[in-house]
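Side chains are part of it too, since the values below use all heavy atoms of this structure and drop only hydrogens, waters and symmetry mates.
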Amino acid sequence: MHNDFMAIRHGVLGHDSDTAILRAQPVRMIDGHVDGGYTGQYEVICPACGDDPNLSYHQVPRDLQKLRGPSESLASGLAAFELHIGLVDAAPATGALT
């Protein structure tokens, strides 16, 4: 069960593409269904972190809101999704290629 002290971790077993999803952020969810269309942003949903895709952004705890994003574009949403499931390293590059 989810609690307010749970840490969202990246690249951890169970936080993979079979569990986590990237979706267009709905304006709101009613009984697990999109109501009012979409916001134009994207969010990462990870049930392994305790998230519930049937809830809207404002219905989940703050730590899950941070995981969800939202991302302003599909590209930034995919980057957040790939980071969460461990496809990319979270450490920033230390130098530029010349």
So, do [X] and [Y] sit near enough that their side-chain heavy atoms are less than 4.5 Å apart?
| X | Y | result |
| --- | --- | --- |
| H33 | P26 | no |
| Y57 | E43 | yes |
| L74 | L22 | yes |

Discussion item. To check you understand the geometry: which heavy-atom pair defines the closest contact between T19 and A48, and what is its length?
Written reply: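 Closest heavy-atom pair between T19 and A48: CG2-N, 3.6 Å.
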Practice prompt. For residues L67 and C46, report the shortest heavy-atom separation together with the two atoms involved.
Written response: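 Taking L67 first and C46 second, the nearest heavy atoms are CD2-CB, 3.8 Å.
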Worksheet item: Does Q59 use its side chain to pair, donor to acceptor, with the backbone of S56 at less than 3.5 Å?
Response: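 Judged by distance alone, yes, a pair lies under 3.5 Å.
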Between [atom1] on residue [X] and [atom2] on residue [Y], distance to nearest 0.5 Å:
| X | Y | atom1 | atom2 | answer |
| --- | --- | --- | --- | --- |
| R28 | T39 | CZ | OG1 | 12.5 Å |
| D31 | N54 | CG | CG | 9.5 Å |
| R68 | Q41 | CZ | CD | 13.0 Å |
| D35 | M29 | CG | CE | 9.5 Å |
| H84 | I21 | NE2 | CD1 | 11.5 Å |

Discussion item. One pair to check against side-chain contact (heavy atoms from CB on, under 4.5 Å): V60 and Q65. What are the steps and the verdict?
Written reply: CA-CA 6 Å; V60 298; Q65 288 177 358; 3.8 Å; yes
Discussion item. Taking L78 as the starting point, is it possible to reach I85 by hopping between hydrophobic residues whose side chains are less than 4.5 Å apart?
Written reply: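 Hydrophobic grouping puts I85 with L78.
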